[in-house]
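Below, chain A is the first sequence line, B the second, and so on; all start at residue 1.
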Amino acid sequence: MSANKIGFPPVNEQMDLLRHGALEIISEEDLERKLTLSLKLGKPLIIKQGFDPSAPDLHLGHAVTIRKLAQFQSLGHRIIFLIGDFTGMVGDPSGRSKTRPRLTREEVLANAETYKSQVFKILNSKKTEIRFNSEWHASRDIYQFLDLAGRFTVARMLERDDFLIRYQKGEPISILEFLYPLMQAYDSVALQADVEMGGSDQKFNLLLGRKIQGEYSQDAQVAFLMPLLIGTDGKEKMSKSLNNYVGICDFPDDMYGKIMSIPDRLIVDYFTLATDLPVDGISVILNDIKSGQINPMQHKQRLAREVVQLYHSAEAAQSAEHHFVTRFRDHSVPDNIPEITVTPTPITGLIAVLDLMLQSGAVTSRGEGRRMIEAGAVWVDERHISDFRQEILLSSSIILKVGKRKICRIIPEA
RNA sequence: GGAGAGAUGCCCGAGCGGUCAAAGGGAGCAGACUGUAAAUCUGCCGGCUAAGGCCUACGGAGGUUCAAACCCUCCUCUCUCCA
């Protein structure tokens, strides 16, 4: 351990920790140099990552970079969590979707609060600075900005893969979208960032930050790229819109179940990017899976426990596992299912199955309910329902099961 | 500014006056099989209805027609080429 006043660990120790799970560090030499200098001066590095203000629903994919930020933080460096509120207030037209709604100042601030409540599950709230990029962009002279824009060419912008692909496909790209990377790059100038953290899809933007810092005579930041976490579908990167995500605020049971549904080949990636398991622990798992000695399910269960524990608690992880096993392996009814109160027809005490399903929220329309019954997916108290016109006597509480996932207890209202 | 092409369901994409709730694929949901997953097979995949049927939908607004996703007019948006 070094004896400097802030107590940074030695550079090689820091590097070893930071390298774990990283996809690319541009460049390692720069990072090492910066760490060495920081150690010498006892001055923490400034680590920045930008976030879109409109989607404050964080998932394990976001957590990959945020967890890396947390490592930097644990090493004593300064974390700046930058909210791109300026972007949000302008209205980003990215992608083929309609122009995103502009956010008002109030919405941005409300979203920021939501961010905080989530991100501080990972980062230390006392040591994290939250900044907004409107702080400098809103007041910035347009001439300065045009000057910046003038230093870049369209061809350089088209180096970026997704732009090029969209361009070649004949899809629209707005001028604004060309300007965003420049604004993001300027954020690094304004913050004098030493390191910018991002997913691999951010490579272009982070590299642009290096360039622009150079234009402003600053020491160029290190572009720290983490791999993109593949979603539970095993195909696309984890994202909310593809609904293949595990939210860091998901309930323990959901979190556990979602992780169990990932394809086996992602187990090691998830251990590496989403848990605190050290490198040697991970290589053991890798060997187990390769040799086929151990059912991958067991490692996946451990993975699911680790993740749940990270965002909830060890107890929650245990109970989530218990519920999962009862429900999916033993095909029986777990003990923590939701209870829903339903009112049957007064005198007869009967209720149509379809109404039951609709009122319990198991389906969103009677048509859907009918299809479920026709598909053979509905049980009431272990009794298979085959006729969608069937009525159920609701005198005491019953168990309604629609598919594997939707199980609830129906309580008759007196 | 000029010339052309296009906008279809969650996405891609066929349809080009009635047989269209709209082919096909993907995604999704359910069933079988499993380890929970993957792979595979099967079914479903706008709403209401017991059923016949009704309603809502093919960028927007009008129009022609017994009848329009399909024809006409205007508008909005996108792409390509020329300047």
Side-chain angles (χ1 to χ4, degrees), chain A residues 91 93-100 158 163-177 230-246 252-271 285 288-289 292-308 317 320-332 334 350 352-355 357-358 361-380 384-391 400-407:
Chain A
S94 288
R96 324 89 284 272
S97 54
K98 341 260 175 267
T99 305
R100 288 188 204 163
L158 287 177
F163 278 153
L164 187 61
I165 289 167
R166 279 165 64 193
Y167 186 67
Q168 285 171 343
K169 275 186 170 170
E171 283 169 10
I173 302 172
S174 79
I175 303 292
L176 199 55
E177 283 179 81
I230 302 292
T232 54
D233 60 358
K235 295 187 188 102
E236 309 279 348
K237 74 165 182 174
M238 185 175 282
S239 84
K240 199 182 171 189
S241 55
L242 290 172
N243 196 28
N244 62 357
Y245 71 102
V246 183
D253 285 10
D254 293 336
M255 210 177 240
Y256 190 96
K258 284 182 183 180
I259 289 176
M260 288 307 283
S261 79
I262 66 168
D264 291 351
R265 66 191 145 75
L266 293 182
I267 293 176
V268 170
D269 281 353
Y270 270 61
F271 267 117
I285 291 167
D288 280 353
I289 292 177
Q293 289 303 302
I294 292 188
N295 189 335
M297 177 184 66
Q298 296 187 13
H299 285 306
K300 215 194 278 186
Q301 286 188 306
R302 173 164 177 210
L303 173 68
R305 283 197 309 270
E306 295 276 350
V307 173
V308 174
E321 179 160 293
H322 174 68
H323 293 145
F324 184 86
V325 169
T326 16
R327 175 178 300 204
F328 292 105
R329 189 189 299 159
D330 305 342
H331 299 287
S332 50
L350 291 170
V353 210
L354 281 178
D355 290 326
M357 291 163 73
L358 200 57
V363 293
T364 53
S365 75
R366 313 181 108 246
E368 189 193 346
R370 213 152 67 184
R371 278 180 242 121
M372 285 296 179
I373 290 170
E374 277 162 5
V378 181
W379 284 264
V380 171
H384 194 242
I385 304 294
S386 51
D387 181 359
F388 60 83
R389 281 166 296 192
Q390 192 162 332
E391 299 200 317
L400 172 68
K401 206 169 145 198
V402 180
K404 286 196 192 80
R405 282 164 233 279
K406 290 169 186 160
I407 307 181

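For the pair Lys404(A) and Phe328(A), the cation-pi test (distance below 6.0 Å, angle within 45°) is failed.
Whole-Å rounding puts the Lys404(A) NZ to G28(B) C1' distance at 15 Å. The distance from atom CG of Asn244(A) to atom P of G28(B) is 9 Å, rounded to the nearest whole Å. For Arg389(A) and A51(B), the CZ to C1' distance is 9 Å, given to the nearest whole Å. Note: CD1 (Ile407(A)) to P (A30(B)) measures 12 Å, nearest angstrom. As a whole-Å value, the separation of Glu236(A) CD from G28(B) C1' is 14 Å. The separation between Arg302(A) atom CZ and G35(B) atom P is 23 Å, rounded to whole Å. To the nearest angstrom, P of A38(B) lies 13 Å from CD1 of Ile267(A). Atom-to-atom, CG of Asp269(A) to P of A37(B) comes out at 20 Å; the value is rounded to the nearest Å.
Shown here, C54(B) forms a base pair with G47(B); the pair counts as Watson-Crick or G-U wobble because both key distances fall under 3.5 Å. Across all strands shown, U34(B) remains unpaired; no Watson-Crick or G-U wobble contact has both distances below 3.5 Å. Both distances falling under 3.5 Å, in either a Watson-Crick or a G-U wobble arrangement, occur for no nucleotide opposite U65(B). For A39(B), there is no paired base (Watson-Crick or G-U wobble, both distances below 3.5 Å). When Watson-Crick and G-U wobble pairs are counted only if both distances are under 3.5 Å, G17(B) pairs with no nucleotide at all. The nucleotide C70(B) finds no pairing partner, because no Watson-Crick or G-U wobble arrangement with both distances shorter than 3.5 Å includes it. Across all strands shown, the partner of G1(B) is C82(B), judged by Watson-Crick or G-U wobble contacts whose two distances both fall under 3.5 Å. Both distances falling under 3.5 Å, in either a Watson-Crick or a G-U wobble arrangement, place U76(B) opposite A7(B).
Here the side chain of Pro172(A) is nearest to one of C79(B), A37(B), G31(B), namely C79(B). Here the nucleotide nearest the side chain of Ala377(A), chosen from G31(B), A37(B), G35(B), is G31(B). Distance from the side chain of Lys235(A) is smallest to A27(B) among A50(B), A30(B), A27(B). Comparing A51(B), U80(B), A37(B) by their closest approach to the side chain of Tyr167(A) singles out U80(B).
The shortest non-hydrogen separation linking Phe163(A) to Glu177(A) is CZ-O, 3.4 Å. Scanning both residues, Asp288(A) and His299(A), for their nearest heavy atoms gives OD2-NE2, 3.0 Å.
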Residues Asp253(A), Arg327(A); criterion salt bridge (charged side-chain N to carboxylate O under 4.0 Å, His left out); working and verdict:
CA-CA 11 Å; Asp253(A) 285 10; Arg327(A) 175 178 300 204; over 6 Å; no
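Taking the C1' atom of each, C12(B) and A27(B) are spaced 10 Å apart, rounded to whole Å. Nucleotides A21(B) and C29(B) have their P atoms positioned 28 Å apart, rounded to a whole Å. G53(B) and G4(B) have their P atoms separated by 46 Å, given to the nearest Å. Comparing G28(B) with C81(B), their C1' atoms are spaced 40 Å from each other, to the whole Å. The C1' atoms of G24(B) and A3(B) are separated by 34 Å, rounded to the nearest whole Å. Separating the C1' atom of U8(B) from that of G60(B) is a span of 15 Å, rounded to the nearest Å. Taking atom P in both A83(B) and C11(B), the straight-line distance is 37 Å, to the nearest Å. When the P atom is compared between G13(B) and G6(B), the two are found 13 Å apart, to the nearest whole Å.
Place Ser365(A) and Asp233(A) on RNA chain B by their nearest nucleotides, and Asp233(A) ends up nearer the 5' end. Map Lys300(A) and Arg366(A) each onto its nearest nucleotide of RNA chain B; the residue landing nearer the 5' end is Lys300(A).
Counting non-hydrogen atoms under 4.0 angstrom, Met372(A) reaches the backbone sugars and phosphates but no base. Residue contacts shown for Arg265(A) are absent, as no nucleic acid heavy atom lies under 4.0 Å away.
Side chains of Pro296(A) and Ile267(A) form a contact here, defined as non-hydrogen atoms less than 4.5 Å apart.
Asp264(A) contributes a side-chain N or O that forms a donor-acceptor pair with the base of G35(B) under 3.5 Å.
The side chain of Arg370(A) places an N or O atom within less than 4.0 Å of a non-bridging phosphate oxygen (OP1 or OP2) of A51(B).
Salt-bridge annotation for Lys235(A) and Asp233(A): absent, with no side-chain N of the basic residue lying under 4.0 Å from a carboxylate O of the acidic one.
Within the 3.5 Å criterion, the main-chain N or O of Ala317(A) finds no donor-acceptor partner in the side chain of Glu321(A).
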